[in-house]
Amino acid sequence: MMQNNNISPQDEDQMIDQAYQNLLNGYLSSNHRKKVEIIEKAYKFARDAHQGIRRRSGEPYIMHPLAVATIVSQEIGLGSTSISAALLHDVVEDTDYTVEDIEAQFGKKIARIVDGLTKISGGIFGDQASLQAENFRKLLLTMSEDIRVVLIKMADRLHNMRTLSSMPPNKQYKIAGETLYIYAPLAHRLGLYAIKTELEDLSFKYNHPAEYERIKEQIAASEEGRNELFARFSAPIRERLDNMGLKYEFYTRVKSCYSIWNKMQTKHIPFDEVYDLYAARIVFDCGDESSAKRVCWNIYNEITEVYTKHPDRVRDWLTTPKVNQYQALHVTVMGPDGNWVEVQIRSRKMDEIAERGFAAHWKYKIGEGEEEEELSKWLSTITDILKEPEPNAIDFLDTLKLNLFASEIIVFTPKGEAMKLPKGSSVLDLAFTLHTDLGTHCIAGKVNHKLRPLSYKMASGDQVEILTSNTQKPKAEWEKFVITAKGKARLRAALRHQRRLIIEEGEKRFMNFLKEHNTEFSNELLSQAIGRQRVAGKEELFFMIGNDEITLNEEIISKKEQGLRFNWWRRNPFKGKDETKETTVEPAKAIDTKSIYRLVTDSEGVSNYHIADCCHPIPGDDTVGFINDSGEVIVHKMDCATLARLKASYGQRLLQTSWEDHRDKFLASIRIEGIDQKGILQAIVNIISTNMSINMKKMNVTSDQGVFRCDLDVLISDVKAVTNLCREIKKVKGINSATRMNRL
């Protein structure tokens, strides 16, 4: 650890004492029962245990548990048990103390939470793929045992993100990637919206520092105009709310930097065209919570008397709260400037639960009521997934992530039972949710008494009956339209079971074939068969035989090629190329992951890197290098979806990169949109080929009812050249936009 020589021991002690006093003051001002003695004891125990240890930033290590405990208390709203566990959360991992020592000093409850935190310490992911899924299972299983384990882990991750600047760049990429990939969606699912937003923004800050700063500056620059507009928008509403005799707050909440950037990326629009930059929020005090829903609707009526509502943008989370118990009424109305403004209407209690999620239930002393039941339902879904062994850790994590951010629909069984599913769920998703056998034998569904295929996407309010057949078997192509975590897990388990049966049948056929030809089985003969068929191993060979994809004949066991060396074919998802190739994998080359890796191409056109096929970065893009199993550096765009998975799981292989001398041309895709008119295509081609001497590789042009669209691929030198090209194309009469697209 680094030593901090800029502060005296006396000042350090004063700093630590002040941090502890801030923690205590926050706790004493909360609604929790005042158990100061246990917190004091935990603080002294942790301070002694971490004595002399420092963080990478140079500050005393005890400042980290104090910060985590403060977040747990003041930002999540938990009580003395959680605060004590947060103070002790690193003691077992980093010192000689054991869980038994914690139990002897602080009791079983705190010891169990500390034990849960120790089991998932060091991040969700280990260095090996086989460990990643197991560590994540531990995280989710501890959630079902005691939700406070995960809430404290969230606080721990939030403080680590707040202090991430002291880490080297490759560690920053890994931790930020892991945070954005798993922790932010998990915070969202638990209803910790304030924490979720900060985790996203901090991840964005370290992944795209220049973009982050630019958006921050643009938000600040537009603040004055935004405030003036909100004052005009809110004045007539305030007058009506005052007449209702309400005690309320009416304010705006600007979208986070990450949300704005994400919208700019997905919609391919500049900052100036993000019209829903902020949402207005009305939070009212309500003495009798049973009347809160009625007050929300009364406020809604007053707002829609003043402004015109958007017919498709009313969100009623009062009648049907989200799984994490988020309750509010959202209405979008046309503002005085001609832009849509969303207004969120909540009671004080609804707002508390919206910001702090399930943790707010401790504040309101809610016991085993509806909220706990809803949480239990979601946790039982997760537990159900965990029962199925998943060999591919990345697939396992992707499956879970699908449902962490999902919006929800409610459908009904023929008996009237309500089922909550992610938005976009198919008939097959419902079948697997109800029972594995229903899913594996499902042939169709009756949706509102009309026959629909397995892939049919249901909508809220649909009544759905599952139709099955004993002859139906699960098919691999079903994965294209199964989106629920439970459905994917159960489908994959069924496919694996079916595959095992086919492999057993193939092996049986192979052995019988050898007997029929009086040939004795040997590993050499099996390797020869594998080499001739160019498959990945004996399981693949037996599967293809059992599935009638390989016909057994005497050539498979002939000995004329014995003694030849057969290379195994290997499919590597991180090669940077999609095709399968015959190769002998070499050990990874020694590349210093702590230094900047310079991307260069020599005079003969040989590069020290490969461009990732998933995102096709070009010089000038923010990029990260990934060292694959062969020691090659694959370059990904910073916002690449594949890289998000790699950052979360293979952080030790990431490289900070910089574009150096390059003579290559790179493929870039551009989308052009505008009003169709005579000569528009010729004008575009003249700019690209004649004026700018850029080589076009592909062009796809469509025109629909006067709207012109052109998608084209060009060979280009760098980002600056793409920007110049788009600028010149936008000068053509009738062209509305020309933007670079992410290539698939």
Side-chain angles (χ1 to χ4, degrees), residues 65 67-79 81-90 92-93 99 109-125 132-161 175 178-200 322-326 353 355-363 366 371-386 396-397 400-401 403-406 485 648:
V68 173
T70 303
I71 293 169
V72 163
S73 173
Q74 298 174 21
E75 297 185 48
I76 301 181
L78 300 180
T81 299
S82 301
I83 294 169
S84 300
L87 287 167
L88 299 165
H89 79 273
D90 278 336
V92 173
E93 183 188 4
V99 174
K109 190 179 290 184
I110 290 175
R112 188 176 68 243
I113 296 173
V114 172
D115 187 36
L117 288 161
T118 303
K119 286 176 180 173
I120 55 173
S121 63
I124 291 170
F125 304 98
Q132 293 153 19
E134 184 56 36
N135 286 340
F136 193 54
R137 283 191 183 97
K138 286 178 183 176
L139 176 71
L140 296 168
L141 284 172
T142 53
M143 189 190 299
S144 61
E145 293 169 5
D146 194 325
I147 188 68
R148 287 171 293 195
V149 173
V150 176
L151 295 171
I152 295 168
K153 187 62 183 172
M154 283 290 171
D156 180 40
R157 176 49 57 116
L158 180 58
H159 185 245
N160 283 336
M161 288 300 296
I175 295 169
E178 182 179 275
T179 299
L180 195 59
Y181 189 67
I182 293 296
Y183 280 95
L186 198 52
H188 174 89
R189 190 62 165 177
L190 290 169
L192 301 168
Y193 291 117
I195 288 178
K196 167 243 180 187
T197 300
E198 187 174 355
L199 289 175
E200 286 179 337
K322 295 184 180 182
V323 167
N324 53 35
Q325 284 308 298
Y326 176 85
I353 291 175
E355 294 302 305
R356 292 186 170 182
F358 282 103
H361 301 164
W362 274 274
K363 175 177 177 178
I366 293 173
E371 291 84 357
E372 305 299 337
E373 290 172 14
E374 287 293 338
L375 177 60
S376 297
K377 286 178 186 175
W378 182 65
L379 293 176
S380 67
T381 300
I382 295 296
T383 306
D384 189 75
I385 296 164
L386 301 177
F396 172 75
L397 296 168
L400 286 165
K401 191 173 185 294
N403 292 151
L404 291 177
F405 262 143

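For the single chain, residues carry numbers from 1 onward in sequence order. Below, all heavy atoms of this structure are taken into account, side chains as well, without hydrogens, waters or symmetry copies.
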Between the CG atom in L192 and the CD1 atom in I76, the distance rounded to the nearest 0.5 Å is 5.5 Å
Nearest heavy-atom neighbours spanning A69 and I83: CB-O, 3.9 Å
Can D156 and K153 be counted as an ion pair, charged N to O under 4.0 angstrom? yes
Salt bridge (Lys or Arg N to Asp or Glu O under 4.0 Å): which pairs involve residues 68-77, sequence neighbours left out? E75-R162
Name all residues meeting the side chain to side chain donor-acceptor pair (under 3.5 Å) criterion together with S82; count only those two or more places apart in sequence or in a different chain, and write none if there are none. none
If I take atom NZ from residue K196 and atom CG from residue L180, how far apart are they, to the nearest 0.5 angstrom? 10.5 Å
Between M154 and A187, what is the shortest heavy-atom contact and its length? CE-N, 3.4 Å
Just to verify, what does T81 make a side chain to side chain contact (heavy atoms under 4.5 Å, CB included) with, not counting sequence neighbours? K109, I110, I113, R148
Do you know which two heavy atoms are closest between A85 and L117, and how far apart they sit? O-CD1, 4.4 Å
Report yes if some heavy atom in the side chain of L199 is under 4.5 Å from a heavy atom in the side chain of L158; otherwise report no. yes
Those residues at least two apart in sequence (or on a different chain) that pass side chain to side chain contact (heavy atoms under 4.5 Å, CB included) with A67 are H159
